[in-house]
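Start at 1 with the first residue, then count along the sequence. Note that these values count all heavy atoms, side chains included, but never hydrogens, waters or copies made by symmetry.
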Amino acid sequence: MWKFYGICVNILVKTYSLWLYGETEVNIMRMTDIIEKKRDGGVLSTEEIRFMVKGYTDGSIPDYQMSAMLMAILLKGMDRRETLDLTMAMVDSGETLDLSRINGVKADKHSTGGVGDKTSLILCPMVAAQGVKIAKMSGRGLGHTGGTIDKLESFPGFNTGISEETFINNVNEFGIAIAGQTADLDPADKKMYALRDVTGTVPSIPLIVSSIMSKKLAAGADIIVLDVKSGSGSFMKTEEAAHELAENLTAVGKMAGKKTVAVITDMDEPLGNAVGNALEVKEAIAVLKGEVKGELLELCLTLGSCILTEAGFAANDAEARKMLLCGIEDGTALKKLAELVEGQEGDPKAVYDTSMLPEAKVKFEAISKRSGYVKHISAADVGLVSMHLGGGRATKESEIDLSVGVMLHKKVGDFVEVGESLGTIHASDPAKAEEATRLLENCYTLVPEKVEKPKFIKGIVR
Ligand code: URA
């Protein structure tokens, strides 16, 4: 009788452990098996994904195995459940920011990256001026120009390395803080992104989604607004690919319990006219003063409306846009930028007097030798011109020159006469400026027939 009971209990335990852990009771996980499973198109379990992220972060899984896994994911993909598991495993690889000490609705914004993208410098003060709290962690740029925090360092004294305490206090006091991402936030992404960069595994939707959303979820905001770039100057070269990325980003955000909206925007030419750190800050200030309109303002109004409506601060987009424009007209958005700068030890006078910002020693015009309508401006190549001038980083250790860059005078759809300036080169020495004028001309495609301005906002995924 007891023997019979013993056998029954044993069967029950085995069935339970099979259900819980898979094939065997004693299941030793090996990275090699997980790589092979994904290589053959298998679906990874939550435990396998957590094992690989934890092991790679703590160093027990080497780069060569993770490289193979990243390539297998790029080639075979991941379903939504796997992508969410990967995202959450990356969030759990480090610290998360506790924003519960901040009163009110907290919003964060992320862009998939583009040339001349100074949107955060405009959008964040515009939205904070309406009462939504902006608690934003931002990265430094690698490549054509700096990231948002590099650009903010154009303000004399600005400190992007403020403590968590100051960050929280500033959001409570001024409604806005933008700080550099700390090393202990999402360490898995730092290692994985660096590896993807050198193994040809950046353009994978599950890898991009988990990389972006893990950082955003670890940073703790209630509302996440994403600017998904589409076109030759971005990861997503086609509108369809950008749409697919936007769908996946919003789905994972919602599955993780956050209000998430993605706006798909054109990146077939640089955003706005300035490319280069201090030049972009000056252009952002001009938008906040109401002096510059066009696609840059349109983008900030669209992203800002998404935040205000999701936050319940506006009943619809039309009302939200009105509120945001009001903040520009009455100067409160610009004042919010000054408060951000002052709260992080910068000199707020530079917001009102931009001659205090870094200024290049040499300015050369890039004179066009051809005439025609601008059909295309290679955003990636304009980014390289700025990098060549010293405005971007070739390696993580490179110092950037905040004063240099390019101010474009002609955009897609404009007519160019022979002898007209395509753009002003801001450089540290004449030799570099000379070379850059030649490079900039090569970024332009001119055609004889009239060219329509491209549609800038290509879609919104709510
Ligand atoms: N931006 C990120 O943060 N990660 C990616 O993988 C791509 C863009």
Side-chain angles (χ1 to χ4, degrees), residues 87-88 90-92 94-111 119-139 147-149 152 155 158-186 189 212-227 250 252-254 256-261 288 300 303-314 320 323-324 327 332-346 348 351:
T87 307
M88 297 316 293
M90 289 165 75
V91 171
D92 294 341
E95 305 278 307
T96 53
L97 207 57
D98 176 14
L99 300 186
S100 60
R101 284 177 289 154
I102 299 172
N103 311 314
V105 188
K106 282 112 2 194
D108 196 354
K109 172 256 171 189
H110 188 87
S111 154
T119 314
S120 295
L121 301 174
I122 309 163
L123 172 75
C124 295
M126 272 171 82
V127 167
Q130 301 306 319
V132 175
K133 302 283 166 66
I134 296 288
K136 182 166 167 55
M137 288 275 173
S138 220
T148 301
I149 59 166
L152 281 167
F155 290 105
F158 193 91
N159 182 3
T160 54
I162 51 174
S163 67
E164 189 176 325
E165 189 70 17
T166 308
F167 183 82
I168 302 277
N169 290 344
N170 283 10
V171 183
N172 270 328
E173 190 176 345
F174 306 114
I176 186 167
I178 305 179
Q181 201 178 299
T182 55
D184 39 17
L185 201 91
D186 203 349
D189 180 59
I212 293 176
M213 293 311 289
S214 58
K215 288 188 285 258
K216 295 292 108 182
L217 294 173
D222 310 305
I223 300 171
I224 301 168
V225 173
L226 303 153
D227 179 6
T250 49
V252 165
K254 279 175 204 151
K258 301 288 178 181
K259 291 183 173 178
T260 315
V261 185
L288 286 172
C300 294
L303 294 167
S305 308
C306 292
I307 296 177
L308 293 189
T309 50
E310 290 293 334
F313 280 44
M323 289 164 71
L324 293 163
T332 49
L334 190 68
K335 184 163 173 271
K336 201 45 85 180
L337 178 65
E339 287 173 359
L340 165 73
V341 172
E342 187 164 21
Q344 294 186 221
E345 302 161 33
V351 170

Decide side chain to side chain contact (heavy atoms under 4.5 Å, CB included) for Thr182 and Glu95; before the verdict, give the C-alpha distance in whole Å, the side-chain angles of both, and the deciding distance to 0.1 Å. CA-CA 9 Å; Thr182 55; Glu95 305 278 307; over 6 Å; no
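- Looking only at distances, no side-chain donor or acceptor of Gln130 sits under 3.5 Å from a matching main-chain atom of Phe313.
- Closest heavy-atom contact between Pro125 and Leu288: CG-CD1, 4.2 Å.
- The two residues Ile307 and Leu123 come nearest to each other via the heavy atoms CD1-CD2, 4.4 Å.
- For Ala135, the side-chain contact (heavy atoms from CB on, under 4.5 Å) test picks out Leu99, Ile102, Phe167, Val171, with sequence neighbours left out.
- The OG1 atom of Thr332 lies 10.0 Å from the CE atom of Met126; values are rounded to the nearest 0.5 Å.
- Counting only distance, with no hydrogens or angles, the side chain of Lys259 and the backbone of Asp222 share no donor-acceptor pair below 3.5 Å.
- Judged purely by atom type and a 3.5 angstrom limit, Lys136 uses its side chain to pair as donor or acceptor with the backbone of Lys109.
- Here the straight-line distance linking atom CG of Asp92 with atom OG1 of Thr87 works out to 11.0 Å at 0.5 Å rounding.
- A donor-acceptor pair under 3.5 Å links the side-chain atoms of Lys336 to the main chain of Phe174, judged by distance alone.
- Note: Met213 CE to Asp186 CG = 11.5 Å, rounded to the nearest 0.5 Å.
- Of all non-hydrogen atoms in Leu185 and Thr96, the two that sit nearest each other are CD1-CA, 4.2 Å.
- Remark: the backbone N or O of Ile162 is not paired with any side-chain donor or acceptor of Gln344 at under 3.5 angstrom.
- Note that the NZ atom of Lys133 and the NZ atom of Lys106 stand 8.0 Å from one another [nearest 0.5 Å].
- Minimum heavy-atom separation, Leu340 to Ile178: CD1-N, 3.7 Å.
- Residues Lys216 and Asp108 are paired through a salt bridge, judged by an N-O separation under 4.0 Å between the basic side chain and the carboxylate.
- Between Gly220 and Lys258 the shortest heavy-atom distance is O-NZ, 3.9 Å.
- The CG atom of Asn170 sits 10.0 Å away from the CD atom of Glu342 when rounded to the nearest 0.5 Å.
- Distance alone, capped at 3.5 Å, places no donor-acceptor pair between the Ser100 side chain and the Asp98 backbone.
- Between Glu165 and Arg101 a salt bridge is recorded (basic side-chain N to carboxylate O distance below 4.0 Å).
- Nearest heavy-atom pair across Ala128 and Gly175 is CB-O, 3.6 Å.
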Under the criterion side chain to side chain contact (heavy atoms under 4.5 Å, CB included), I'd like the reasoning laid out for Leu324 against Ser305: C-alpha separation, chi angles, the key distance, then a yes or no. CA-CA 8 Å; Leu324 293 163; Ser305 308; 4.1 Å; yes
Does the pair Phe158 and Ile149 meet the rule for a side chain to side chain contact (heavy atoms under 4.5 Å, CB included), with working shown? CA-CA 9 Å; Phe158 193 91; Ile149 59 166; over 6 Å; no
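- Atom CG of Leu97 sits about 12.5 Å away from atom CG of Leu217, to the nearest 0.5 Å.
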